[in-house]
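First up is the structure itself, then whatever we jot down about it.
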Amino acid sequence: MFGLFAKPRTAALVVAVAFLLAGVALGVLYLWSPHAVLRITTGPEGSNAARFIAGFVKVAEARHPRIKFQSVAVPDLTASAKALEDGKADLAIIRSDAHLPTNGETLVILRQDVVAVIVPHHSAIASLPDLAGKTVAIPAGPAQNDDSHALDLLLSFYNVAPEAVKREFLPLDEIGPAVEHKKVAAVFAIGPVGPGPAIDAVGAIAHASKGAPKILAFDDADAIAKRFPAFESYDVPEGGLHGKPQVPDDTVTTVAVNYRIVVPITMPDIVANAIGRSILTAKAQLMNISPMANQISAPDVSDQNPLLPIHPGFADYLNNGDQSFFDQAQRYLYIFGIPLSIGASLLTLAVSMFNARGAKKDRDAMARLLALANEANTADRERLDALEQELHEAVAACVERSSEADKDEQWKTSLAIQHAMRRFERRDQALKGGSSGGAS
């Protein structure tokens with residue numbers, strides 16, 4: 001009757017340990033997963049950003065075969081930021097003066113693009129406010145709307161209404177003739193100090209006007225950067241935009257915007273660390289694929305007021321250098337292990353309380369069996385019959401509880417039942433034999 005039954009407290013402990021081991025196993029499995037798919041925006045079709053992303057994906061997949069990238073096509077930089085914001089992308093290229101994703105954190109700075117306001121060498125225009133009432137050419141292309149928006153921001157600093165400056169989006173081959181025939185008074189171009197729209201526009205104007213064009217200086221560059229953190233002060237070196245003739249002919253302070261790769265704040269640190277490190281270490285390879293890689297740099301970890309904060313996983317790498325897989329995985333094991341450990345402790349406490357109550361019931365049941373046995377020693381026939389009914393009920397209760405008791409408790413209960421039953425049998429025989437003495 002008292003074979004070995006499953007014990008709830010043992011089962012509960014097994015469940016608790018199973019949860020703990022499963023949590024740790026899932027954590028390690030997730031971190032060591034042989035396949036990971038990351039969605040990345042491609043940037044406007046035909047743009048430098050799109051070419052850079054294509055090159056980055058090729059290099060990154062060669063370095064990390066377990067990581068695959070899935071391209072997310074977007075029409076412009078604003079849509080790129082929105083894709084990250086809406087959870088449709090895991091990495092996105094953004095420009096600092098375009099829409100910034102509310103859930104984004106910086107991984108790496110891809111490059112800085114200078115804002116160049118270019119005028120012919122004979123022009124009377126000396127500063128940005130002088131553009132009011134005039135027509136400005138903006139190089140046509142994927143970023144033309146973002147460039148126009150940047151012009152709006154800069155004009156607003158000088159209290160010039162955007163509509164006061166007319167814009168013409170022109171292909172590169174039309175910019176020179178437009179300046180030569182005075183259809184436009186200036187060219188507003190944003191590009192790197194290297195191959196790109198700004199240098200191309202300077203060359204077109206120099207060729208058309210037969211002279212070295214001028215780059216307008218932003219004397220208020222620092223103030224502009226404080227009001228609009230999307231911009232930063234930038235010194236264009238002598239000859240930085242054209243070699244012969246040199247443009248500018250001396251260092252000119254203007255403003256710049258930057259391109260950066262951003263990731264969602266929910267990206268695990270270990271993933272952000274791996275991607276950011278891959279971009280920095282693959283810079284030489286990426287430069288052979290896209291000129292956008294020339295200026296790849298790590299964000300400034302000491303910046304107290306960044307436009308977008310650095311992802312903490314990559315910030316750890318910048319501050320501490322390489323860490324082993326197990327160093328990086330340790331924090332995730334803590335994340336999984338701590339709540340599971342707390343849960344297991346609470347479960348163990350609950351089981352202990354349950355077992356304490358069960359042990360008390362077991363002691364009460366054995367005490368009742370012994371009390372019935374003692375009372376049966378001196379009971380008459382009528383009382384013995386009544387006690388026998390109580391004995392049956394007590395034994396039934398003990399049998400029912402035996403499945404909840406451990407082997408030691410089952411043995412003790414079995415002894416108590418056998419002791420009570422022998423006392424009842426002896427008293428019954430004594431009463432049948434007419435004996436007046438109690439059973440010994």
Side-chain angles (χ1 to χ4, degrees), residues 44 47 76-78 95-98 112-193 196-221 223-225 227-228 230-234 236 240-242 247-249 252-257:
S47 66
D76 52 39
L77 293 167
T78 297
R95 202 172 85 176
S96 58
D97 62 317
Q112 287 179 306
D113 278 10
V114 299
V115 175
V117 181
I118 313 159
V119 297
H121 62 89
H122 54 72
S123 175
I125 297 173
S127 63
L128 197 69
D130 294 340
L131 295 177
K134 296 180 173 58
T135 301
V136 171
I138 295 177
Q144 65 183 35
N145 292 329
D146 294 314
D147 293 349
S148 181
H149 174 67
L151 177 57
D152 291 345
L153 289 177
L154 293 171
L155 290 172
S156 70
F157 179 83
Y158 295 102
N159 297 317
V160 176
E163 57 270 17
V165 179
K166 187 179 178 182
R167 296 100 195 275
E168 292 284 348
F169 300 111
L170 299 177
L172 181 63
D173 59 358
E174 295 181 16
I175 288 179
V179 172
E180 182 182 9
H181 296 102
K182 298 183 179 180
K183 292 181 179 179
V184 297
V187 177
F188 182 87
I190 298 179
V193 178
I199 284 183
D200 291 343
V202 168
I205 297 174
H207 178 75
S209 64
K210 304 299 188 287
K214 296 184 293 185
I215 306 297
L216 299 188
F218 284 76
D219 296 331
D220 303 308
I224 291 172
R227 182 181 298 184
F228 302 115
F231 298 101
E232 52 191 297
S233 179
Y234 190 94
V236 181
L241 297 178
H242 199 273
V247 180
D249 57 6
V252 171
T253 299
T254 180
V255 293
V257 297

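Counting begins at 1 with the first residue of the sequence.
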Please report the shortest heavy-atom distance between Pro213 and Val247, naming the atom on each side. O-CG1, 3.6 Å
With a 4.5 Å heavy-atom cut-off, do Pro139 and Ile175 have their side chains touching? yes
Any side-chain to backbone donor/acceptor pair from Thr254 onto Val115? Under 3.5 Å, distance only. yes
Considering all heavy atoms, the nearest Ala201-Leu172 contact: N-CD1, 4.0 Å
Would you indicate whether the side-chain heavy atoms of Tyr158 and Ile224 approach each other to under 4.5 Å? yes
Would you say the side chain of Val117 lies within less than 4.5 Å of the side chain of Ile215, judging by non-hydrogen atoms? no
Going from CG on Leu216 to CD1 on Ile118, what distance comes out if it is rounded to the nearest 0.5 angstrom? 9.0 Å
For residues 181-189, which side-chain N or O atoms pair as donor and acceptor with protein atoms under 3.5 Å away, sequence neighbours left out?
| from | atom 1 | to | atom 2 | distance (Å) |
| --- | --- | --- | --- | --- |
| His181 | ND1 | Pro177 | O | 2.8 |

Side chain Ser123, main chain Val119, donor-acceptor under 3.5 Å: no
How many angstroms lie between atom CG of Asp146 and atom CD1 of Ile190, to the nearest 0.5 angstrom? 8.5 Å
Do Leu154 and Phe218 have side chains that get closer than 4.5 Å, going by heavy atoms? yes
Tell me, with the steps shown, if Phe157 and Asp220 meet side chain to side chain contact (heavy atoms under 4.5 Å, CB included). CA-CA 9 Å; Phe157 179 83; Asp220 303 308; 3.7 Å; yes
Output for pair (Glu180 CD, Ser209 OG), nearest 0.5 Å, gives 8.5 Å
Please confirm whether the backbone N or O of Val165 pairs with a side-chain atom of Arg167, one donor and one acceptor, at under 3.5 Å? yes
How would you list, by chain and number, every residue that makes a side-chain hydrogen bond (donor to acceptor under 3.5 Å, both in side chains) with Ser156, sequence neighbours excluded? none
At their closest point, which heavy atom of Leu153 faces which heavy atom of Phe228, and how far apart are they? O-CE1, 3.4 Å
Search all heavy atoms of Pro248 against all heavy atoms of Gly240 and return the closest pair with its distance. CD-N, 4.0 Å
Output yes when Asp147 and Arg95 qualify as a salt bridge under the 4.0 Å nitrogen-oxygen rule, no when they do not. yes
Interatomic distance, Asp200 atom CG to Asp173 atom CG [nearest 0.5 angstrom]: 11.5 Å
Whether Gln144 side chain and Gly141 backbone form a donor-acceptor pair below 3.5 Å: yes
Any donor-acceptor N/O pair, Lys166 side chain to Glu163 backbone, under 3.5 Å: no
Side chains of Leu131 and Val160 in contact at under 4.5 Å (non-hydrogen atoms): no
Shortest non-hydrogen contact from Thr253 to Ser233? CG2-OG, 3.6 Å
Which atom pair, heavy atoms only, marks the closest approach of Ala206 to His242? CB-NE2, 4.4 Å
Answer whether the closest heavy-atom distance between the side chains of Ile125 and Lys134 falls below 4.5 Å. yes
side-chain hydrogen bond (donor to acceptor under 3.5 Å, both in side chains) with Glu232: which residues, sequence neighbours excluded? Gln112, Asn258
